[in-house]
Amino acid sequence: MADASRTDEFVREFTKNAQRLFAYIFTLMGHDSGVDDVFQETSVLAWEKFDDFRPGSNFLAWSLPDCLFSRVAAF
């Protein structure tokens, strides 16, 4: 798959799942003011791991373990 179409799919999947990611972080952290920071860090880490993303795979399942747990643990 061409890099441009991989990037397009990644952006579509990230955009489609961003609210779910944020909601999951919020569930883990509650009303803590760090929720926005963890979501931002998760977003950056997802982009850093872009090469590991497989188009057509479950984006949410891919992003939760590697992105969220490592960042939530940091806060």
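As a basis for the values below, the full set of heavy atoms in this structure was taken, side chains included, without hydrogen atoms, waters or symmetry mates.
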Query raised in the report: When you measure from the side chain of N17 to the backbone N and O of R20, does any donor-acceptor pair fall under 3.5 Å?
Result: no
Requested in this report: Mind listing the closest non-hydrogen atom pair of F50 and R6 along with its distance?
Outcome: O-NH2, 3.2 Å
Requested in this report: Would you check if W47 and F10 make a side-chain contact, meaning some heavy-atom pair closer than 4.5 Å?
Outcome: yes
Requested in this report: Look at the aromatic rings of W62 and F59 and report parallel, tilted or perpendicular, splitting at 30° and 60°.
Outcome: tilted
**Report entry** Lys/Arg N to Asp/Glu carboxylate O, K16 vs E13, below 4.0 Å
**Finding:** yes
Report task. Identify, with sequence neighbours excluded, every residue that meets ring-ring contact (aromatic ring centres under 6.0 Å, His included) alongside F14. Result -> none
Query raised in the report: Could you give the distance from OG (S63) to CG (L45), rounded to the nearest 0.5 Å?
Result: 10.0 Å
Report task. Indicate the atoms forming the closest heavy-atom contact of G56 with E9, along with that distance. Result -> N-OE2, 2.8 Å
Query raised in the report: Can you tell me if S57 uses its side chain to pair, donor with acceptor, with the backbone of R54 under 3.5 Å?
Result: yes
Query raised in the report: Below 4.5 Å, heavy atoms only, C-beta onward: do V38 and L28 meet side chain to side chain?
Result: no
Requested in this report: To the nearest 0.5 Å, tell me how far I25 CD1 sits from T42 OG1.
Outcome: 4.0 Å
